[in-house]
Amino acid sequence: MSVVFEGYERQYCELSANVSHQCTAASALDGEQKKQKLSDIKAGLDDADALIRKMDLEARSLQPSMKATLLAKLREYKTDLNNVKNEVKRITSANASLTARDELLESGSADMLAVSNDQRGRLLMSTERLNQSTDRIKESKRTMLETEELGVSILQDLHQQRQSLLHAHKTLVEVDDNIDKSKKILTAMSRRMSKNKWIVGSLMIALVLSIILILYFKLTH
């Protein structure tokens, strides 16, 4: 396994355990203490997101066999992080509701009976709109990060394909050179064979002539 990936993984596991512990502690708090704890948790989640992106980039840069294993593990970490985010969101929503209720009680403690149902409805509607705007901002940020990760993944795949094409081109050049060398060797061998045929033919003719001459002299004497 990649040493760099293991380092990021160790940091993430420690950070995830710390954030989970803080979520448990935040559930038992209220007021300013709870707000501060939620602020710390959100900072930890941002750090966890950054580590997830680093692990993803490192995993995609490795060999395919190791890459598949690490990406599968990374999906589990992403699922775990999403569960923690949902828990934080639940705690934050509960805290926002309690804060809105406390502010409403404090502002209307002097004239509680004079507060109309219409005003309370507008306050709740404003709170809901604020929550919706926050969710849209978070969704836009998540989409942007996913787009960035996809872009990095595509660039890495293109780089690997370029390397493969360069290697294939080099191999073809080497094969072409070998073919040229083979053609030259075969041409030289063909020439030698033709030359040898002429030599053998000449020797055979000379031999036949010698035999004829020998027979002629024997028959005439």
Side-chain angles (χ1 to χ4, degrees), residues 1-20 43-86 137-212:
M1 184 181 294
S2 170
V3 176
V4 176
F5 187 92
E6 287 182 345
Y8 291 147
E9 183 181 24
R10 183 169 54 257
Q11 294 178 39
Y12 171 79
C13 291
E14 293 175 355
L15 185 58
S16 177
N18 184 43
V19 170
S20 298
L45 290 176
D46 291 338
D47 293 339
D49 277 326
L51 288 172
I52 286 290
R53 291 196 298 273
K54 290 178 180 178
M55 284 191 285
D56 186 67
L57 292 175
E58 177 64 20
R60 293 180 186 277
S61 66
L62 300 176
Q63 296 296 327
S65 58
M66 189 179 298
K67 174 181 176 180
T69 302
L70 295 182
L71 287 179
K73 181 182 291 186
L74 193 58
R75 283 193 292 271
E76 296 179 1
Y77 289 149
K78 288 181 179 179
T79 301
D80 174 69
L81 185 60
N82 286 333
N83 292 335
V84 176
K85 287 180 179 179
N86 291 333
I137 292 173
K138 290 180 178 179
E139 181 66 21
S140 298
K141 181 179 179 182
R142 185 184 65 81
T143 302
M144 181 184 67
L145 292 175
E146 290 178 351
T147 303
E148 179 184 353
E149 293 174 356
L150 179 61
V152 171
S153 176
I154 291 174
L155 288 175
Q156 290 176 343
D157 291 339
L158 289 175
H159 176 71
Q160 292 177 354
Q161 292 175 6
R162 179 176 179 273
Q163 294 299 323
S164 298
L165 289 174
L166 290 175
H167 179 70
H169 179 264
K170 181 179 179 182
T171 302
L172 287 175
V173 170
E174 292 175 355
V175 170
D176 188 61
D177 291 339
N178 291 332
I179 291 174
D180 288 338
K181 291 178 180 178
S182 299
K183 286 182 178 178
K184 291 178 180 179
I185 293 172
L186 290 174
T187 301
M189 291 175 64
S190 178
R191 289 175 180 173
R192 289 178 183 176
M193 289 176 66
S194 298
K195 185 177 180 180
N196 291 336
K197 285 180 180 179
W198 282 105
I199 293 172
V200 171
S202 299
L203 291 174
M204 290 179 68
I205 292 172
L207 182 60
V208 171
L209 291 175
S210 298
I211 294 171
I212 292 172

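Model, not experiment: these values are computed from the prediction. Computation of the quantities below employed the complete heavy-atom set of this structure, encompassing side-chain atoms and omitting hydrogens, waters and symmetry-equivalent molecules.
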side-chain contact (heavy atoms from CB on, under 4.5 Å) between Leu172 and Asp176: does it pass, once the steps are laid out? CA-CA 6 Å; Leu172 287 175; Asp176 188 61; over 6 Å; no
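- The local environment of CD in Gln63 is sparse, with at most 12 non-hydrogen atoms from other residues, nucleotides or ligands closer than 6.0 Å.
- In this structure, Tyr12 contributes its side chain and Met55 its backbone to no donor-acceptor pair below 3.5 Å.
- A distance of 8.5 Å separates OG of Ser164 from NE2 of His167, quoted to the nearest 0.5 Å.
- Looking at every heavy atom in both residues, Leu62 comes nearest to Lys67 through O-CB, 4.1 Å.
- No donor-acceptor distance shorter than 3.5 angstrom exists from the side chain of Ser153 to the backbone of Glu149, with no hydrogens or angles considered.
- The pair Arg142-Glu139 counts as a salt bridge, with a side-chain nitrogen and a carboxylate oxygen less than 4.0 angstrom apart.
- Rounded to the nearest 0.5 angstrom, Lys78 NZ and Asn83 CG are separated by 14.5 Å.
- To the nearest 0.5 Å, atoms CG (Leu203) and CH2 (Trp198) are separated by 13.5 Å.
- At least one donor-acceptor pair under 3.5 Å links the side chain of Asn196 to the backbone N or O of Arg192.
- Looking at heavy atoms from C-beta onward, Glu148 lies in side-chain contact with Leu145 at the 4.5 angstrom threshold.
- Two residues are said to be in side-chain contact when any heavy atoms from C-beta on lie closer than 4.5 Å; Leu158 and Gln161 meet this criterion.
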In sequence, state the C-alpha distance, the side-chain angles, and the governing distance for Arg60 and Val152, and then conclude on side-chain contact (heavy atoms from CB on, under 4.5 Å). CA-CA 9 Å; Arg60 293 180 186 277; Val152 171; 5.9 Å; no
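- A 4.5 Å side-chain heavy-atom check between Glu9 and Leu70 finds every atom pair outside the cut-off.
- The side-chain heavy atoms of Leu51 and Asp47, taken from C-beta on, include no pair separated by under 4.5 Å.
- If you take CG on Leu165 and CZ on Arg162, they are separated by 9.5 Å, rounding to the nearest 0.5 Å.
- Distance CG/Asp157 to NE2/His159: 11.0 Å, rounded to 0.5 Å.
- The shortest heavy-atom contact between Val84 and Ser20 is CG2-OG, 4.1 Å.
- Remark: the backbone N or O of Glu14 is not paired with any side-chain donor or acceptor of Asn18 at under 3.5 angstrom.
- In this structure, the side chains of Leu57 and Tyr8 stay at 4.5 Å or more apart for every pair of heavy atoms.
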Step by step, work out the side-chain contact (heavy atoms from CB on, under 4.5 Å) result for Leu15 and Leu45. CA-CA 8 Å; Leu15 185 58; Leu45 290 176; over 6 Å; no
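- Asn178 contributes a side-chain N or O that, together with a main-chain N or O of Glu174, makes up a donor-acceptor pair within less than 3.5 Å.
- With rounding to the nearest 0.5 angstrom, the OG atom of Ser194 is 11.0 Å from the CD1 atom of Ile199.
- The environment of CE in Met189 is sparse: at most 12 heavy-atom neighbours from other residues, nucleotides or ligands sit within 6.0 Å.
- Ala48 approaches Leu81 most closely through the heavy-atom pair CB-CD1, 3.7 Å.
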